[in-house]
Each structure stands twice: as structure tokens, then as C-alpha cells.
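One structure is given here, and the rest of the page talks about it.
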Amino acid sequence: MIQRPAVVALLTAFALTSCGKTEPAARPAEGQPTMSAAPGGELVYVSNEDSRNLTVIDAATDQVVATIEVGMRPRGVKVSPDGKTVYVALSGSPKCPPTMPDKECEKLRSDRTQDGVAVVDVATRTKVRTLPAGLDPETFDVSADGTRLFVSNEDADSATIVDLTTGKPLANVKVGKEPEGVTVSPDGKTVWVTGETDHNIVGIDVATAKRIAAIDLLGERPRAIGFLPDGSRAYVTNEISGTVAVVDIAARKTIKQITLPEGSRPMGILVTPDGKGIYVSNGRGKAVSAIDAATDAVTATVEVGSRPWGIALTRDGRKLYTANGPGNDVSVVNTETMQLIRTIPAGSIPWGVAIGPKP
């Protein structure tokens, strides 16, 4: 375990859903006690890219309680604001590792009938339909009122806006090349999308579905975006650079780079609801780092599993979960001590994580 000065306890709230088969037991880290989740109970949903399903974990016991089949290459995962529905991005594009040349990847067969966003009913733990959401959906966000999905389409360099009332696409907006991370601003008026190849974030006006800005991140291969609660700043992970870009949204420019520990390849990011803390999953760096938002300094780093990507917090902020793709497992971190407390077997290549109340 890599450990630095203890980090301030962080708070957060993620709304999510539930599911159905029993799986292998979690493995507690040596010498670490079991921690309870927030009162009322929560479930952790993990998308498994290769096994085409969701693993469902009870946050109170850290035991797998169900598995839900969803479709091809599930990656991004979110829950509706009312907590009754889980959404999962599915893709019919072939898997192309970073080492594979683009020309070789283009030769592989795509099945566009598999593209879409799966809709999972929490009460029955079943997929009830798949929404059209453009080419190769990867990640997305849900509007605060639960009426819109904003989806990145990596193969099409665009973002699709889906009406959740009708289940139909409303617009498709050109963004940066190879878009991935999608985050709605705290005021709900704009949505921002990372461009992996253009090394930028692009803003879209929600009311008009028009592109409004492109901001250079001064780093390489941006992955995910987190906002301070007042929307003044965005924090964006730059995987290749090993940094987090700090963006002044009003000025439309990057004002700082936060350097993460050596070997970090930052992927997922979370800003706590009080705006005091930030967590980053460091991908091939096999760790999670905590950042103090007041100083933009890294305050702690803990080693977790292999290539942590998706990241989520329980409602009380005491436990953090990471999806560790090649390890086929999920790490659980005590945020008060920044120590790994448990490792939970998941499906094949776990990618995303989301947490919500038990139904």
C-alpha cells in the first residue's frame, strides 16, 4: 500500500439500482474490519465489459448478491435520480487495445445492432429495453430531472442526447475526437464531453443542443470530468500525462495541472458534494489518489487492484469502490484512513461503478 498523510473524510451521493445471482465471497484486506454502509442500505453496480453483465454488491456486507445480463460490452453505468432505474452503455464495436494500430482495428467487424443504452428495472432486476444512443456508446450522464441522457459516441466523434420520456434521440452533436467522459454541469445548463484525441473538453448547451465551447486541457488523453458544486471549476483526468487539469469554466481555459504520483494513468474522478475533496482512479498506476480541492494538492494515495477505472462512493462518503478491469475484481477503500479494506470478485473486465439505494 502506498500511503501519504491521512485525508479528510469525504461525502458524496450517487443514486443507483439492483440485480440477481449469487457469486464468490469478498476477500477482506488483512487486519481490516468490515464497515457498514449508510442507513437504509445501498447497492453497488459494476459493469463487466467482457462478461456482458452487471455485478451487484450489497454495500453493507460487501457481498455479491446478484448478476444481471445486459448486453454487449457494458461500460458506462448510471442510476436515475429517483433510484428506480439503472442505465448501462452497450457497444457493438470490437475491442481494440491501445497497442493496436487504428488501421488494424478498422478491419474488425462491428455489430451496430448491439449499440445502445440498456435500461434495467431495479425492482425486478431485469433489462427491460435498450435505448438508441448513437454509435459505440461508452459513457454518459443523466440530467437532474431524469428526462435526458447525454451519451458519448466514441466511433462517431459525437454526443447523442436521448429523451427518456419517449426513448428516442433528440440530437447528435459533434464534439472532440474519440469522446469519452460526459458530465452535466451542476446547474444543469451545459454538458461537457472529453475528446481523447483532441485533448480537450467540449461544452454543449442543454436547451439548444448546440456546441458552445472547446477548452484545451494542456494534457494528453482526457478521460473523465468532475465539477465543484458551484460549477466554477472542472477537474479532468489526463491519462497519458498523469495529471488532473483544473479548468476555469467561466474563463474557458485550463489554469493548472495537478501532478499525480509517478506511474499514475488517471481515469475516473469524483468531486465530493461539499467540494472539499476529489478522488482519482489511477488506472495502470494501480492506485487511488485523494486531492484537497482548497490547495489542489494530492494528500493521500492507496494501492488498489489492477488498472482501476470506474470509481464511486457510498452516500456517507466512508467507502470508495473501484472497478479493476484485468483483475476481475472490485476494491473497497476506507476513505477515513485511505486503506484498502476488501477485494470483491466481479465479472470479466469490470469497467464502471455506480451506487444507489436498495429498492
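In what follows, every heavy atom counts, from backbone to side chain, and hydrogens, waters and symmetry copies are set aside.
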Would a hydrophobic clustering, with Ile, Leu, Val, Met, Phe, Trp and Tyr connected at side-chain separations under 4.5 Å, put V246 with V236? no
Could you tell me whether the side chain of [Y] reaches within less than 4.5 Å of the side chain of [X], counting heavy atoms only?
X	Y	answer
I161	R148	yes
P94	S110	yes
P186	P229	no
V247	K253	no
R233	I255	yes
L149	L131	yes

Identify the two heavy atoms, one from [X] and one from [Y], that lie closest to each other, and give their separation to 0.1 Å.
X	Y	result
L54	V70	CG-CG1, 4.1 Å
I278	V271	CG1-CG2, 4.0 Å
V88	P74	CG1-CB, 3.6 Å

Kindly write out the residues that satisfy side-chain contact (heavy atoms from CB on, under 4.5 Å) with A159, not counting sequence neighbours, or none if the list is empty. V175, V193, I204
Set of residues satisfying side-chain contact (heavy atoms from CB on, under 4.5 Å) with respect to T259, sequence neighbours excluded: T243
Could you verify whether a donor N or O on one side chain and an acceptor N or O on the other, from [X] and [Y], lie under 3.5 Å apart?
X	Y	result
E42	T314	no
D136	S91	yes
D329	N324	yes
T55	T67	no
S93	R112	yes
N153	S158	yes
S289	N282	yes
N48	N53	yes

Ion pair present between K319 and D62, side-chain N to carboxylate O less than 4.0 angstrom? yes
Which residues share a side chain to side chain donor-acceptor pair (under 3.5 Å) with E196, sequence neighbours left out: R221, R223
Walk me through whether L218 and Q257 qualify under side-chain contact (heavy atoms from CB on, under 4.5 Å). CA-CA 8 Å; L218 309 179; Q257 296 284 347; 3.6 Å; yes
Run through I311, I291, T322, I269 and flag the one making a side-chain contact (heavy atoms from CB on, under 4.5 Å) with Y279. I311
With side-chain contact (heavy atoms from CB on, under 4.5 Å) as the test, would you mind laying out the steps for T183 and F150 before giving the verdict? CA-CA 8 Å; T183 303; F150 305 94; over 6 Å; no
Could you walk me through whether F140 and V184 pass side-chain contact (heavy atoms from CB on, under 4.5 Å), step by step? CA-CA 9 Å; F140 59 92; V184 178; over 6 Å; no
